[in-house]
Amino acid sequence: MDLNGKVAIVTGAAQGIGVETAALLSQRGATVVLADIDDRAVAAAERIGSEAVFVRLDVTSEPNWTDLTKYVMARFKKISILVNNAGVFSGSTIVETSAEAFGRMFRVNQLGVLLGMKTVAPLMKTEDCPAIINISSCVGMRGTTAQTAYAATKWAVRGMTKCAAIEFAQHGIRVNSVHPGPIPTGINEDFLKERLEFIRSRIPLGRLGEPIDVAEAVAFLASASAKYVTGAEISVDGGFAA
């Protein structure tokens, strides 16, 4: 799963799955752009090393995406990998969910993925075995309680991924989704703590996942080892959605 010579953009790269993914892609040889609105991504890029840079990005802003891609193309001349990882989470029942909270999750979790694919895909080149990996969720595979708004956006990411896989296949761009199970990432830790024993009891492997578990799946999909894999969904959830 050699990624030497690849240039990857990872959104939501300041913490959790995003920063772990950026670090692993770099270890595999890729130049990595850590894109986030969180300044912690600056220090994360410094820790990863000289082949990592931070670029501020609000994934809900189309002009921000345009500026990001202009910067990456000017500096690195290509984009090989896009990991749409940025997301927000709010756990609440249907009755408790506010329109504001639903709208925020839609804009970050769903619109952000659309804008990323729309902006980056036209710049990807077939000879570089380009790959887009969209981070969905195990709740994009099955229903659950107190996560309706979040699940709605993650089911949408799953569907958008399949549509994009068909649309972009003619350009040699592979598009797949990864569906993490219950994994503490900073945005959901309080929710998981309150329900820890119940959630753990529903995971066949008997433990919560770790960000590196997801990063390994992303690295595989980003590599030439997955050159004939597109439109797929990979669950990294210990069997939660089995």
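We number each residue from 1, following the sequence as shown. Atoms considered below: every heavy atom in the structure, side chains included; atoms not considered: hydrogens, waters and symmetry mates.
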Within the 4.5 Å heavy-atom criterion, are [X] and [Y] side-chain neighbours or not?
| X | Y | result |
| --- | --- | --- |
| M124 | I81 | no |
| E46 | V42 | yes |
| T21 | V19 | no |
| V83 | L25 | yes |
| Q15 | E20 | no |
| D36 | R56 | no |
| S235 | H179 | yes |
| K125 | I79 | no |

same_hphob_cluster([X], [Y]) at 4.5 Å side-chain heavy-atom cutoff:
| X | Y | result |
| --- | --- | --- |
| I132 | L68 | yes |
| L82 | L24 | no |
| V59 | M105 | yes |
| F76 | F54 | no |
| V72 | I37 | no |

Closest heavy-atom pair and its distance - [X], [Y]:
| X | Y | result |
| --- | --- | --- |
| D38 | A14 | CB-CB, 3.6 Å |
| K154 | I135 | NZ-O, 3.1 Å |
| T126 | H171 | OG1-O, 2.8 Å |
| S177 | T161 | N-CG2, 3.6 Å |
| K227 | R174 | O-CD, 3.2 Å |
| A13 | A44 | O-CB, 4.3 Å |

Discussion item. Before you tell me yes or no, could you show the steps for V33 and V10 under side chain to side chain contact (heavy atoms under 4.5 Å, CB included), namely the whole-Å CA-CA distance, both residues' side-chain angles and the distance that decides it to 0.1 Å?
Written reply: CA-CA 6 Å; V33 178; V10 181; over 6 Å; no

With no hydrogens and no angle check, just 3.5 Å: does a side-chain donor-acceptor pair link [X] and [Y]?
| X | Y | value |
| --- | --- | --- |
| N84 | T11 | no |
| S92 | T97 | yes |
| E51 | S26 | no |

Fill in: Trace of the side chain to side chain contact (heavy atoms under 4.5 Å, CB included) decision for M141 with W155
CA-CA 7 Å; M141 303 288 284; W155 277 85; 5.6 Å; no

Response to the item:
Across all chains, not counting sequence neighbours, the side-chain hydrogen bond (donor to acceptor under 3.5 Å, both in side chains) partners of N176 are none

If only atom types and distance count, is the side chain of [X] paired as donor or acceptor with the main-chain N or O of [Y] below 3.5 Å?
| X | Y | value |
| --- | --- | --- |
| D2 | N4 | yes |
| S80 | P130 | no |
| S61 | L57 | no |

From [atom1] ([X]) to [atom2] ([Y]), nearest 0.5 Å:
| X | Y | atom1 | atom2 | result |
| --- | --- | --- | --- | --- |
| S90 | Y150 | OG | OH | 11.5 Å |
| L114 | W65 | CG | CH2 | 10.5 Å |
| C129 | I173 | SG | CD1 | 11.0 Å |
| K77 | L123 | NZ | CG | 13.0 Å |
| T31 | K6 | OG1 | NZ | 12.0 Å |
| L115 | Q110 | CG | CD | 10.5 Å |

Worksheet entry | Worked check of side chain to side chain contact (heavy atoms under 4.5 Å, CB included) between M117 and M160 | CA-CA 10 Å; M117 294 193 294; M160 290 162 59; 4.1 Å; yes

Under 3.5 Å, which donor-acceptor pairs link side chains of residues 203-224 to any protein atom two or more places apart or in another chain?
residue : atom : partner : partner atom : Å
D213    : OD2  : E210    : N            : 2.8
E216    : OE1  : R28     : NH2          : 2.9
S223    : OG   : F220    : O            : 2.8
S223    : OG   : S225    : N            : 3.2

Fill in: R104, CZ: over 12 other non-hydrogen atoms inside 6.0 angstrom
no

Item to complete: Dump the intermediate steps for side chain to side chain contact (heavy atoms under 4.5 Å, CB included) on T148 and T93, then the final yes or no.
Response: CA-CA 7 Å; T148 300; T93 65; over 6 Å; no

Discussion item. Could you work out, with side-chain contact (heavy atoms from CB on, under 4.5 Å) as the rule, every residue matching T60, not counting sequence neighbours?
Written reply: D58, R107, V108

Discussion item. I want to check a possible cation-pi pair here: R142 against F240, using under 6.0 Å from ring centre and within 45° of the ring axis as the test.
Written reply: yes

